[in-house]
Participant: 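What follows is a structure written as structure tokens; I'll ask about it next.
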Amino acid sequence: MKLKLSPSILTADFRCLGDQVRDAAQAGCDWMHLDVMDGNFVPNTSFGPLVCNAVARSISLPCEAHLMVTNADQYIGDYRDAGMRRIIVHVEACPHLFRTLQRIRDLGLQPGVALNPLTPLTVLDDVLPLVDLVLLMSVEPGFGGQKFIPGSLARISRVRAMMMEIGSHAELEVDGGVNTETIASVARAGASIVVVGSAVFNEKKSIAASVDGLRGAQSPTPDQGA
Ligand code: DX5
Ligand code: ZN
């Protein structure tokens, strides 16, 4: 199964955001990941529906909003209007998660649920049947360019096993510190889609070269001698 790439624009050059997301789409990425931060649930602020809408109108790829906010319910309609295809909310931030996920689905969007690095996976026993995507954070949310937390690999495998057990077709997304060093093990552990921020939008390489590098690192050339 081909691992999907969902670039996060958090480290993109916002002076030319339209060009940046078009380059990522052109390079063969599958989704666009929009990290919304409120300075309350996470210690950082980013952008809101206005920027999300500008991105959605610049590309034909589907967009997902990752809401790192305390009052997601209040804004779901705004992100639907901004052109998002999927809305991902944090289990730690939504006291009435059933209603929140239902509202996202009722608006015709895909509901996703995100878990912080140490949130117990048992919550998924009840949540998994209600979502189209589970996002496992492999860094503490709030900033791009952080180091992948190694214990995340075991969590990915456990969620993959839970999904297989109930026959879930939900996507399993991993977010934080995914780069050419970590992408292969994340894929092997069972992720179906990865968020890639600084590994795609950086000053070292072009977006196309960065995406090619990730694809190559994910599926290294088979050993000729084998
Ligand atoms: C962190 C965000 C991530 C992050 C990914 O709060 O949810 O999407 O920007 O960035 P990298 O890939 O640089 O870790
Ligand atoms: Zn994210």
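Just the heavy atoms: all of them, side chains too, but no hydrogens, waters or symmetry mates, feed the values below. Read the numbers this way: they start at 1 and go in the same order the structure lists the ligands and their atoms.
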Participant: Any donor and acceptor pair, going by atom type alone, linking the side chain of Thr11 with main-chain N or O of Phe201 inside 3.5 Å?
Facilitator: yes
Participant: Would one find more than 12 heavy atoms of other residues, nucleotides or ligands at under 6.0 Å from atom CZ of Phe14?
Facilitator: yes
Participant: Going by atom types only, do Asp23 and Gln26 share a side-chain donor-acceptor pair under 3.5 Å?
Facilitator: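 No - no donor-acceptor pair under 3.5 Å links their side chains.
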Participant: Should side-chain heavy atoms under 4.5 Å link Ile, Leu, Val, Met, Phe, Trp and Tyr, which residues sit in the same cluster as Leu118?
Facilitator: none
Participant: For Asn116 and Thr119, indicate whether the former's side chain and the latter's backbone hold a donor-acceptor pair under 3.5 Å.
Facilitator: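 No, Asn116 side chain to Thr119 backbone: no donor-acceptor pair under 3.5 Å.
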Participant: Examine Gly142 against ligand 1 and note whether any of their N/O atoms are separated by less than 3.5 Å.
Facilitator: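 Yes - when backbone and side-chain N and O of Gly142 are compared with those of ligand 1, one distance drops under 3.5 Å.
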Participant: What residues, two or more places apart in sequence or in another chain, satisfy side chain to side chain donor-acceptor pair (under 3.5 Å) together with Lys2?
Facilitator: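 Expected list: none.
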Participant: List every atom of ligand 1 that sits less than 4.0 Å from any heavy atom of His33, numbering the atoms from 1 in the order shown and giving each element.
Facilitator: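 Under 4.0 Å from His33, ligand 1 has these atoms: 8 (O).
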Participant: Ignoring hydrogens and angles, state whether a donor on the side chain of Ser46 or Asp35 is under 3.5 Å from an acceptor on the partner side chain.
Facilitator: no
Participant: Taking side-chain contact (heavy atoms from CB on, under 4.5 Å) as the test, write out the residues that go with Pro62, two or more places apart.
Facilitator: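 Trp31, Arg85.
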Participant: To which protein heavy atom is atom 1 (C) of ligand 1 closest, and what is the distance rounded to 0.1 Å?
Facilitator: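 Going by distance alone, atom 1 (C) of ligand 1 is nearest to Phe143 O, 3.6 Å.
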Participant: Side chain or backbone, does Gly145 bring an N or O within less than 3.5 Å of an N or O on ligand 1?
Facilitator: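 N/O-N/O distance below 3.5 Å exists for this pair.
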Participant: For ligand 1, which atoms have a heavy atom of Pro141 less than 4.0 angstrom away?
Facilitator: 6 (O)
Participant: Which of these, Ala199, Gly177, Gly197, has its nearest heavy atom closest to atom 14 (O) of ligand 1?
Facilitator: Gly177
Participant: Measuring from Ser210:OG to Leu5:CG, what's the distance to the nearest 0.5 Å?
Facilitator: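 With rounding to 0.5 Å, OG (Ser210) is 11.5 Å from CG (Leu5).
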Participant: Please determine if Asp175 has a nitrogen or oxygen closer than 3.5 Å to a nitrogen or oxygen of ligand 1.
Facilitator: yes
Participant: So for Met68, does at least one of its heavy atoms come nearer than 4.0 angstrom to any atom of ligand 1?
Facilitator: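 Met68: in contact with ligand 1 (<4.0 Å).
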Participant: State whether a side-chain donor-acceptor pair under 3.5 Å links His169 with Asp132.
Facilitator: no
Participant: Please indicate whether any nitrogen or oxygen in Met37 is less than 3.5 Å from any nitrogen or oxygen in ligand 1.
Facilitator: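 It does not: no N or O of Met37 is found under 3.5 Å from an N or O of ligand 1.
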Participant: Would you mind checking if Glu173 and Lys4 are paired as a salt bridge, meaning a charged N to carboxylate O distance below 4.0 Å?
Facilitator: no
Participant: Are Asp106 and Arg103 ion-paired here, with the side-chain N under 4.0 Å from a carboxylate O?
Facilitator: no
Participant: Side chain or backbone of Ser198 under 4.0 Å from ligand 1, or both, or neither, by non-hydrogen atoms?
Facilitator: both
Participant: Report, in ascending order of atom number, the atoms of ligand 1 lying under 4.0 Å from any heavy atom of Gly144.
Facilitator: 9 (O), 10 (O), 13 (O)
Participant: At distances under 2.8 Å, what protein N, O or S atoms surround the Zn ion (ligand 2)?
Facilitator: His33 NE2, Asp35 OD1, His66 ND1, Asp175 OD2
Participant: Would you say Thr182's side chain and Gly177's backbone share a donor-acceptor pair under 3.5 angstrom?
Facilitator: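 The answer is yes, because a donor-acceptor pair under 3.5 Å joins these two groups.
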Participant: Under 4.0 angstrom from ligand 1, any heavy atom of Thr11?
Facilitator: no
Participant: For Arg86 and Asp30: C-alpha separation, side-chain torsions, deciding distance, then whether salt bridge (charged side-chain N to carboxylate O under 4.0 Å, His left out) applies.
Facilitator: CA-CA 13 Å; Arg86 179 150 69 208; Asp30 303 278; over 6 Å; no
Participant: With a cut-off of 4.0 Å, which atoms of ligand 1 are near a heavy atom of Ser8?
Facilitator: 8 (O), 9 (O)
Participant: Can you list the atoms of ligand 1 that are under 4.0 Å from a heavy atom of His66?
Facilitator: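 Numbered from 1, ligand 1 contributes 7 (O).
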Participant: Identify, by atom number and element, the atoms of ligand 1 in contact range of Gly176, meaning under 4.0 Å from any of its heavy atoms.
Facilitator: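 Here the atoms of ligand 1 in question are 14 (O).
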Participant: Using a strict 4.0 Å cut-off to heavy atoms of Val195, name the atoms of ligand 1 that fall inside it.
Facilitator: 8 (O)
Participant: Which of the numbered atoms in ligand 1 are below 4.0 angstrom from a heavy atom of Leu10?
Facilitator: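 Atoms satisfying the 4.0 Å criterion: 9 (O).
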